[in-house]
2 protein chains.
Amino acid sequence: MGHLHVPLLNKITLFEGLPAATLARIAEAAGVQRFSNHGFLFREGEEPDFVYSFLEGGIVLVSGAEGHEAVIEFYGPGESVLLPAAILGMPYLLSARASSDGQALLVPASKLRALMNEDAALAARCARVLSQNWRALITQIKEIKTHGATARLAHFLISQADRSKGPATLVLPGMKKEVAQRLGIKPETFSRTLKKLRAFGVECDGDAIRIASMERLTALVDTLPA
Amino acid sequence: MGHLHVPLLNKITLFEGLPAATLARIAEAAGVQRFSNHGFLFREGEEPDFVYSFLEGGIVLVSGAEGHEAVIEFYGPGESVLLPAAILGMPYLLSARASSDGQALLVPASKLRALMNEDAALAARCARVLSQNWRALITQIKEIKTHGATARLAHFLISQADRSKGPATLVLPGMKKEVAQRLGIKPETFSRTLKKLRAFGVECDGDAIRIASMERLTALVDTLPA
DNA sequence: GCATGAGCTTGACATAGGTCAAGGCCGGGA
DNA sequence: TCCCGGCCTTGACCTATGTCAAGCTCATGC
C-alpha cells in the first residue's frame, strides 16, 4: 500500500466529484494491483478486504462451480466492483475473473467504511453508484424475464455498440461463452442466435461485431414475439 | 404532509439507528398515504417524487405492459422501495401495485437528497440498505440463470418459510400468478410445479403453504439436475 | 512444421417450459 | 339467491432452448 497519486483516483467513477481532502485520505490507504488474464481477483465466499476499481483491463463477475457457472456482468476501466460486500462486511456473493490483463486500484474495505461514516460526500457518492448498479441489475432481470434469446442478444449488442444510429461496431467484453452466460443462454444457442442476426445486418469476426444499421436491429427487437 | 411522530420512522429499516436530529428533520417532511389492494402507487417512467416505506401491507414491483408483465420482487412492512430512483432523480424503472390494503410513509425525494449531502449517517445508512438490495437482486439473477423451475420454487418456499428446520408454514406474498412471474415462470407451470412438490411434503391451501420437513425440501434442491 | 487443445460452430435430437383451451372454484354484486 | 368474472388447475400439444457429439480453426509449444 504505497504512496499514491490522487490523479489515479480521478479515473474511477466511484470517486468522481469528491473533495480533495477526501481523495487524499483515500489515496493514502489505497494500493494498485496488477492482474493477468483468466486469473481470479477474488472468489465467492471470501471476506471482503478491498473494493476493486479498474484502471486498465476488466473482469467478469461469475458465480457457481467452474463449468457450471453463471455470468453476472462485465466490468471495465473506471468501474468498481463489490462495493456492497465491502460496505456490509459480508462475504462476496461472486467471484471475479480477469477478462484481460490489467490493473486495479484497491481500497481497503475497513477504511472505506470508516470514511463513509464521517464524510457525507463520500457516503452519498457510494449511494449514487450503488443506485446505478441496482438499476443495471433491474434492467437485466426484466430482460431475462420478458425476452427470448434473440431479443436479449440484440439488446445486448445495442447496449454495447459505439453509436446509436446508422452503422456501428463493438467488441465483445469477454469470450463468447461468457457473453452467452451473461445473457442466460448456452454457448451453442449464442452461436446459432448470432447467426440468425446475420440476416439483420450483424456481422461477426472473432470478438468484433459490425452492425450495419442500428435502426434495423432496434426495429427487429420490437418485431420479436417474446 | 403533516406533523409526524418520529416513532413511525422507527418501524422502517431504512431509518434504523439514525440520530434523533436526523429523524426529526425527516419526520418534518414526511407524510403517510393509505393505499388499497390492487391499486398502483406509482408507475414505470414517472418522475420520483417520494421514497415509499411500508408501515402496513405490501406491494409488488412489476414492469412491462399489463398482461405481459414481469414481477421483480415483493415488499412488505418495514421495507422501502425505489430509493435508487429517488437518489438519482431518474424515472422509475418499475411500477408498484398494492398486494393488500396498507399504508406507506412518503419521504420527498428532494428532501432525502438534500439531507444525504449533509448527513453522513443518513447517507451511509442509504448505502447499506442499497447494498442489501443489490445482494438480493444478485441472488435472484444467480437463481434464474442456474436453476430450473422446480429448484427455483423450492428455494423460494424455503426463503419464505417461518422456520428453517422441521415443519414450517408460510403465506405467499401475492397472487400465485405474481409469485410465478417473480420466479420467471408462467402461472400454469407454477401450478404444475407446486403439484410435483406435493410428493416432497409441500401442501397448499389457497395462499397458505405447509412444508412437512424443511430438511426434505432442502435435500430435494441438491438432487435436482439444473 | 506439426501436433495439440481451447474455443467456436454445426447438426441431430431431447425436454422443460410455454401456449391454448376447458373446466372448476370461489367471492362479490344485483 | 343466483350469476358473473377472476383466479387457479388440468390436459394436450408445441417450440425454444438445452444436450450430445462431431468437426473446424487458430494459436501455442514442441
Side-chain angles (χ1 to χ4, degrees), chain A residues 36-38 60 64 66-71 97 99-101 143-154 156 171-199 202-209 223-226, chain B residues 36-39 60 64 66-71 97-101 143-154 156 171-199 202-209 223-226:
Chain A
S36 50
N37 201 357
H38 301 293
V60 52
E66 202 117 5
H68 202 252
E69 56 191 15
V71 170
R97 187 175 52 227
S99 53
S100 68
D101 293 345
E143 189 80 18
I144 297 179
K145 288 190 181 166
T146 59
H147 296 295
T150 314
R152 297 213 292 271
L153 175 53
F156 184 79
V171 355
L172 296 174
M175 290 184 300
K176 286 184 175 171
K177 189 204 307 194
E178 288 168 341
V179 176
Q181 287 166 316
R182 157 67 176 72
L183 296 172
I185 60 184
K186 299 282 154 171
E188 293 94 327
T189 304
F190 178 86
S191 189
R192 287 189 249 267
T193 308
L194 194 51
K195 185 156 69 163
K196 271 204 295 196
L197 289 184
R198 285 218 284 260
V202 176
E203 288 302 330
C204 157
D205 173 33
D207 60 2
I209 310 268
T223 322
L224 258 27
Chain B
S36 50
N37 202 357
H38 303 290
V60 51
E66 202 118 4
H68 203 253
E69 55 191 18
V71 170
R97 186 175 53 226
S99 52
S100 68
D101 294 345
E143 190 77 20
I144 297 179
K145 287 190 182 167
T146 60
H147 296 294
T150 314
R152 297 214 290 271
L153 175 53
F156 184 79
V171 355
L172 296 174
M175 291 184 301
K176 285 184 176 172
K177 189 205 305 194
E178 288 167 341
V179 176
Q181 288 167 316
R182 156 66 178 73
L183 296 172
I185 60 184
K186 299 284 154 169
E188 293 93 328
T189 304
F190 179 86
S191 189
R192 289 189 249 267
T193 307
L194 194 52
K195 184 156 70 163
K196 273 204 294 195
L197 288 185
R198 286 217 283 262
V202 176
E203 287 302 329
C204 156
D205 173 33
D207 59 2
I209 311 269
T223 322
L224 257 29

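Every chain is numbered from 1, with letters handed out A, B, ... down the list of sequences.
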Notebook entry, point to check: To 10°, what angle do the rotation axes through the five end pairs on each side of the helix from C:dG1-D:dC30 to C:dA30-D:dT1 form?
Noted result: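 Rounded to the nearest 10 degrees, the bend comes out at 30°.
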Next item on the list: Go through the structure and list residues passing side chain to side chain contact (heavy atoms under 4.5 Å, CB included) with A:Asn37, not counting sequence neighbours.
Entry: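 Checked A:Asn37 against side chain to side chain contact (heavy atoms under 4.5 Å, CB included); matches are A:Asp101.
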Measure [atom1]/[X] against [atom2]/[N] and give the value in whole Å, please.
| X | N | atom1 | atom2 | value |
| --- | --- | --- | --- | --- |
| B:Asp205 | D:dC7 | CG | P | 18 Å |
| A:Arg152 | D:dA16 | CZ | P | 14 Å |
| B:Leu153 | C:dG17 | CG | P | 11 Å |
| B:Lys186 | D:dA16 | NZ | P | 14 Å |

Checklist line | Pairs touching residues 143-153 of chain B that satisfy salt bridge (charged side-chain N to carboxylate O under 4.0 Å, His left out), sequence neighbours left out | finding: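 Every pair satisfying salt bridge (charged side-chain N to carboxylate O under 4.0 Å, His left out) with a residue in residues 143-153 of chain B: there are none.
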Check: Between atom CD1 of B:Ile185 and atom CZ of B:Arg192, what is the distance when rounded to the nearest 0.5 Å?
Finding: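 Atom-to-atom, B:Ile185:CD1 and B:Arg192:CZ are 10.5 Å apart.
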Note to self: Show every side chain to side chain donor-acceptor pair (under 3.5 Å) that has at least one partner inside residues 176-189 of chain A, sequence neighbours left out.
What the structure shows: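 Pairs touching residues 176-189 of chain A that pass the test: A:Glu73-A:Arg182, A:Arg97-A:Glu178.
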Notebook entry, point to check: Which residues satisfy the side-chain hydrogen bond (donor to acceptor under 3.5 Å, both in side chains) test with A:Lys196, sequence neighbours excluded?
Noted result: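 Checked A:Lys196 against side-chain hydrogen bond (donor to acceptor under 3.5 Å, both in side chains); matches are A:Thr150.
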What nitrogen or oxygen pairs link the protein and nucleotides 5-11 of chain C at under 3.5 Å?
from   : atom 1 : to       : atom 2 : distance (Å)
C:dC8  : OP1    : A:Lys176 : N      : 3.0
C:dC8  : OP2    : A:Lys177 : N      : 3.3
C:dT9  : OP1    : A:Lys176 : NZ     : 2.9
C:dT9  : OP2    : A:Ser191 : OG     : 3.1
C:dT9  : O5'    : A:Ser191 : OG     : 3.1
C:dT10 : OP2    : A:Lys195 : NZ     : 3.4
C:dG11 : N7     : A:Arg192 : NH1    : 2.9

When you compare the protein's N or O atoms with those of nucleotides 23-27 of chain C, which come within less than 3.5 Å of each other, and at what distance?
none

